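These notes concern the structure reproduced below.
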Amino acid sequence: MRDLPKLLLVIFTITRAVIVRAASAYNPTDHILVDCGSSDTATATPPDNRPPWTADEHEHSNYLLRPGNSFPSTASDRNPSVSQVPYRTARVFTAPITYAFPLSAGPKLVRLFFYPATYSALDKTDSYFSLAADSHALLRNFSAYLTLSSLPNDPSVFFKEFYLSVPSSQSLSLTFTPNQNSHGFINGIEIISVPDALYRNDMVYFPASQNFIEPVKNDTAMEVAYRFNVGSQDVPVGDDTGMFRSWAEDNSYLRVTTGLHLQLDLNITYGAATPAYTAPAIVYTSLRKMGVDPRDNLKFNLTWVFPVHAGFMYIMRLHFCEIMKEVVKGNDRVFSIYIDRELAWESMDVFQEAGGRGIPIYRDFAVLIPVGDGKRGLVDLLLELHPYTKYLPEYYDAILNGLEIFKVNDAQGNLAGGNPAPLQPTSVPEPRPEPPGEREKGSFVKVVVGCLVGGLLGIFLLCFLIFRRQRRRRGKDGDSSSVKTSNSSWVPFTFSSTKDHDSKSAPRPLPSDTCRRFSFAEIRAATADFDSKSIIGAGGFGNVYRGYIDGGTVAVAIKRLNPSSKQGAHEFETEIEMLSKLRHLHLVPLIGYSDENGEMVLVYEYMSRGTLRDHLHSAAENAPLPWKKRLEICIGAARGLQYLHTGAKHSIIHRDVKSTNILLDENYIAKVSDFGLSRTGPTQTDQTHVTTMVKGSFGYVDPEYFKRQQLTEKSDVYSFGVVLLEVLCGRPALVTGLPKDRASLAEWGRQAHRRNMMEQIVDPNLSGQIAGECLSKFVEVAIGCLQEEGSGRPNMGDVVWALEFALQLQVSAESVAGGLESNAVIYSRKAEGTVTTTASTTTTNDDDDMFTQSSDTTVLSRQALSSRRASELGDEREEDRVRSGSVFSEIGDPLGR
């Protein structure tokens with residue numbers, strides 16, 4: 001009898017565990033899985049406790065209506081790591097098809113599984129289709145291939161997940177419609193019931209400037225944009241609470257890899273406000289916090305950045321649970337929540353809100369993402385957490401356990417957004433097998449060739465190092481420049497801000513003789529106390545003012561950090577560290593900075609002509625630049641980048657080369673600007689790249705860097721190639737809403753080059769101005785920069801040389817012809833080197849040409865250009881109307897990063 005209490009305790013513990021486990025699982029009313037294109041269900045039982053898949057070719061399956069418009073197919077190039085079901089087969093359709101599912105009333109999660117592969121010899125890159133679910137448009141002009149290429153961590157498969165409500169006991173219809181002259185495919189469909197109250201919440205909070213009523217109505221449709229187990233690893237779908245949701249890790253979306261992740265073995269106490277099916281316990285027993293040093297925590301925000309489609313409302317569900325034993329009462333840890341740079345919750349006290357440790361809660365926030373410049377492209381949605389100090393909490397810290405983000409349908413029931421920017425996958429050719437009889441001979445030849453090549457490389461390297469040392473010595477003796485002094489103090493500037501993973505080194509002072517430190521009083525005087533009339537632009541960093549220093553004699557551009565900006569101390573520090581050490585004709589001079597009173601201010605030489613972008617696009621208020629002036633600007637910008645890559649002890653990779661980061665002074669001298677994202681290149685001789693998270697601007701980012709997160713100097717070369725096409729074509733690097741082959745300027749230019757149709761995409765403002773040989777050379781430089789693999793691109797020194805040669809060709813053609821006329825003129829260079837004017841063809845014979853020279857080139861007439869380009873661009877001109885009075889990059893494209 002003495003053991004009875006122990007026995008009862010054991011029974012109670014086991015019973016409680018069983019009850020808790022049973023309570024944590026949700027038993028769905030409906031759960032349908034369809035293996036599309038399959039007729040075999042023998043091996044279609046999932047390993048994660050879901051019911052078996054049903055083959056839509058099976059005689060007992062009646063979900064598919066109008067099957068005659070489609071056919072089953074098997075992936076011909078299936079990755080062995082991809083599971084058989086549902087990715088082995090697909091339903092391919094060239095006309096509309098409909099799946100109809102009999103379901104009970106209530107909310108459902110609908111998952112669509114995609115494996116972009118080759119089916120029946122159809123090109124996976126040419127698959128575009130739309131999807132409607134009764135009255136809701138879920139997808140439009142959707143490309144599974146482009147969507148997959150934009151996802152982090154290089155997956156082979158993916159799924160799209162939607163939240164739909166079936167109003168009464170009826171069938172849910174999913175209608176797939178391919179684009180004209182295209183096809184579509186679907187690998188699998190899953191439909192599962194969810195609890196009525198899971199995603200319906202009357203307590204939805206909004207940033208202060210926004211106000212909505214009933215963001216989630218009964219007939220609301222939502223797309224699950226993101227779902228994260230914050231601070232920990234992926235949660236397998238089988239470990240979810242009966243709805244088989246996928247919870248991913250959040251590292252890929254952190255603005256910087258700051259913060260600590262923590263996981264504890266702790267009992268989670270669910271309740272009526274947060275039922276057990278809300279999120280699995282592993283989500284609430286792990287979290288991400290800011291750090292252990294409260295002084296550092298006050299200097300940055302714990303920030304996540306999520307690409308979302310503009311023009312939609314998003315609901316962000318933040319999951320919280322205090323699990324750390326040191327938090328024992330209210331006001332121990334309090335923090336603020338900012339969504340889309342606006343305050344959404346001033347003082348979140350998780351312990352106080354939940355009523356103790358180990359009790360989960362969630363809060364829903366709705367935010368409307370406005371459409372900028374009339375375009376519904378991808379923009380960044382920021383979630384930021386920061387310690388709240390007003391109540392003097394015990395710990396200056398912030399936490400987050402889980403996160404879900406939903407896109408809400410618009411007033412027309414539409415959920416469809418555009419495809420991501422097209423990316424070119426990097427392919428590595430497979431090695432050709434060596435014939436068996438040639439191996440011994442091949443090995444000997446390889447040894448001899450290796451020795452010869454090694455010796456030549458050694459001699460070349462020695463000569464290069466001698467040349468480099470002499471050049472650097474000459475630079476120190478004759479190329480140094482000083483900055484005028486004034487009443488300001490000249491002192492070292494030491495940073496103590498939190499670094500991201502791009503910069504692991506300890507804080508270090510800047511040289512006191514290269515960067516001028518202004519008092520904040522001087523900055524206020526220079527800008528008339530930040531008079532709004534002095535603002536010349538406003539962007540991601542903050543407002544930019546035109547000011548005057550040194551008694552009003554020197555015009556400057558002054559950038560003032562906005563405290564709610566998505567940029568901050570790290571970019572501020574990087575900009576100063578980089579530019580204070582660099583002096584070059586084609587780099588924007590940094591005059592100084594101010595860091596008093598919690599302010600971060602940068603002072604630059606004023607560039608009166610604005611950005612290169614201001615002079616290129618159809619909406620620009622400035623007169624279009626003539627061709628030769630554009631060439632000179634490109635050469636200047638290339639020289640600035642060449643200096644970054646070769647002129648310092650270690651190469652500097654700009655990482656954000658674009659037309660808004662090339663500024664023009666009063667004489668149209670090009671100067672590269674904005675070094676907030678710059679990185680020092682490899683510092684060891686055996687290093688070929690720097691591994692870092694991807695940053696940059698859509699349309700300009702090197703696809704090789706995007707896929708591998710390996711940054712090299714050739715990443716800048718790729719971005720500069722996009723700028724060259726922008727200069728030639730007069731259109732932005734990315735225009736959302738256009739057909740997929742024209743949305744990306746880089747892809748559009750490559751296609752035109754492959755088809756020998758470059759003259760059809762040249763800016764009509766340049767008609768009659770470009771000599772044929774010059775056009776050929778310029779195009780070859782641009783296309784060379786845009787090679788898929790970085791090893792195939794020229795370095796910036798080669799680019800400078802080639803552009804200078806293109807300018808010589810232009811000048812030579814003009815001098816021979818006595819100036820180019822508006823009608824078509826064609827130049828021919830004969831073998832002996834003389835240049836003559838003809839009316840039809842041109843041939844060249846330049847043995848010293850580094851790039852392959854095209855044989856037949858023309859000077860283009862305005863009439864031909866206008867008519868051809870109009871047919872190519874369609875309504876693109878309406879998409880391009882972006883006005884910018886900016887001087888700095890983040891003003892022209894504040895969301896580019």
Side-chain angles (χ1 to χ4, degrees), residues 21-34 46 48-51 53 99 101-113 131 133-136 138 159-174 188-204 214-229 235-248 270-284 314-319 360-364 366 402-409 413 415:
R21 184 173 184 83
S24 66
Y26 166 75
N27 295 316
T29 306
D30 301 304
H31 198 172
I32 299 174
L33 295 102
V34 180
D48 48 26
N49 300 319
R50 280 185 285 191
W53 291 82
Y99 285 89
F101 303 96
L103 299 169
S104 62
K108 317 292 176 186
L109 287 179
V110 177
R111 300 188 183 106
L112 309 173
F113 297 85
L131 170 62
D134 295 331
S135 61
H136 295 288
L138 304 185
F159 64 87
K160 302 279 285 183
E161 185 174 2
F162 300 92
Y163 173 87
L164 304 173
S165 183
V166 177
S168 61
S169 296
Q170 61 180 25
S171 65
L172 173 66
S173 297
L174 300 178
I189 302 173
E190 179 179 14
I191 302 177
I192 185 170
S193 299
V194 298
D196 290 344
L198 178 61
Y199 293 126
R200 282 200 53 79
N201 181 14
D202 294 333
M203 298 296 293
V204 179
E214 291 188 89
V216 183
K217 302 179 182 179
N218 287 329
D219 59 348
T220 297
M222 299 191 296
E223 179 182 353
V224 183
Y226 301 97
R227 184 183 286 123
F228 295 112
N229 179 25
V235 178
V237 293
D239 291 348
D240 191 46
T241 57
M243 287 162 284
F244 301 94
R245 295 167 296 180
S246 178
W247 300 77
Y270 291 99
T274 308
Y277 53 69
T278 305
I282 189 174
V283 171
Y284 292 119
Y314 284 81
I315 291 182
M316 305 181 75
R317 172 165 291 188
L318 279 60
H319 296 268
I361 60 171
Y362 63 84
R363 292 292 179 263
D364 290 344
L403 176 64
E404 295 176 274
I405 302 178
F406 305 90
K407 178 167 68 173
V408 182
N409 66 257
L415 268 172

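Here the structure is a predicted model, which is why all the values come from computation and not from measurement.
Tyr277 and Ala197 get closest at one heavy-atom pair: OH-CB, 4.4 Å. Summarising the geometry of Ala221 relative to Leu164, their closest heavy-atom pair is CB-CD2, 3.6 Å, with the distance given to 0.1 Å. Of all heavy-atom pairs spanning Pro28 and Gly242, the tightest one is CD-O, 3.9 Å. Here the shortest heavy-atom pairing between Trp247 and Phe228 reads CE3-O, 3.4 Å. Residue Asn229 comes nearest to Val283 through the heavy atom pair OD1-CA, 3.3 Å, listed as atom of the first residue, atom of the second, then distance. The two atoms that bring Pro280 and Val235 nearest to each other are CG-CG1, 4.4 Å, heavy atoms only.
Aromatic rings of Trp53 and Phe113 (six-membered ring for Trp) have centroids within the 6.0 Å cut-off, being under it. Between Phe406 and Tyr314, the distance from one ring center to the other does not fall under 6.0 angstrom.
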Task: Criterion side chain to side chain contact (heavy atoms under 4.5 Å, CB included) on Leu198 and Tyr163, from CA distance to verdict - done: CA-CA 11 Å; Leu198 178 61; Tyr163 173 87; 5.9 Å; no
Open item on the list: Could you go through Tyr199 and Ile315, starting from their C-alpha distance and side-chain angles, then the distance that decides it, and tell me whether this counts as side chain to side chain contact (heavy atoms under 4.5 Å, CB included)?
Closed with: CA-CA 10 Å; Tyr199 293 126; Ile315 291 182; over 6 Å; no
Open item on the list: Please evaluate residues Lys108 and Asp30 with respect to the criterion side chain to side chain contact (heavy atoms under 4.5 Å, CB included), reporting the C-alpha separation (whole Å), side-chain torsions for both, the decisive distance (0.1 Å), and the verdict.
Closed with: CA-CA 8 Å; Lys108 317 292 176 186; Asp30 301 304; 2.8 Å; yes
Open item on the list: Between Thr278 and His319, does the side chain to side chain contact (heavy atoms under 4.5 Å, CB included) criterion hold? Intermediate values first, please.
Closed with: CA-CA 9 Å; Thr278 305; His319 296 268; 3.8 Å; yes
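Leu109 CG to His31 NE2: the interatomic distance, rounded to the nearest 0.5 Å, is 9.5 Å. Note that the NZ atom of Lys160 and the CG atom of Leu112 stand 9.0 Å from one another [nearest 0.5 Å]. Note that the CG atom of Leu174 and the CG atom of Leu138 stand 7.0 Å from one another [nearest 0.5 Å]. With values rounded to the nearest 0.5 angstrom, His136 atom NE2 is found 13.5 Å from Glu223 atom CD. Atom OG1 of residue Thr220 and atom CG of residue Leu415 lie 9.5 Å apart, to the nearest 0.5 angstrom. Atom CG of Leu172 is separated from atom OG of Ser104 by 11.0 Å, given to the nearest 0.5 angstrom.
In this structure, the side chains of Arg50 and Leu33 come closer than 4.5 Å at one or more pairs of heavy atoms. Inter-residue side-chain proximity for Leu318 and Tyr362 is flagged as unmet; no heavy-atom pair is nearer than 4.5 Å. Tyr270 places none of its side-chain heavy atoms less than 4.5 Å from the side chain of Pro275. Residues Gln170 and Pro102 have side chains not in contact (no heavy-atom distance under 4.5 Å, counting atoms from C-beta outward).
The pair Glu161-Arg245 fails the salt-bridge criterion, with no side-chain N (NZ, NE, NH1 or NH2) lying under 4.0 Å from an Asp/Glu carboxylate O.
Cation-pi geometry between Arg111 and Phe162 is not met at under 6.0 angstrom from the ring centre and within 45 degrees of the axis.
Put simply, the side chain of Thr29 never gets that close to the backbone of Ser193: no donor and acceptor are under 3.5 Å apart.
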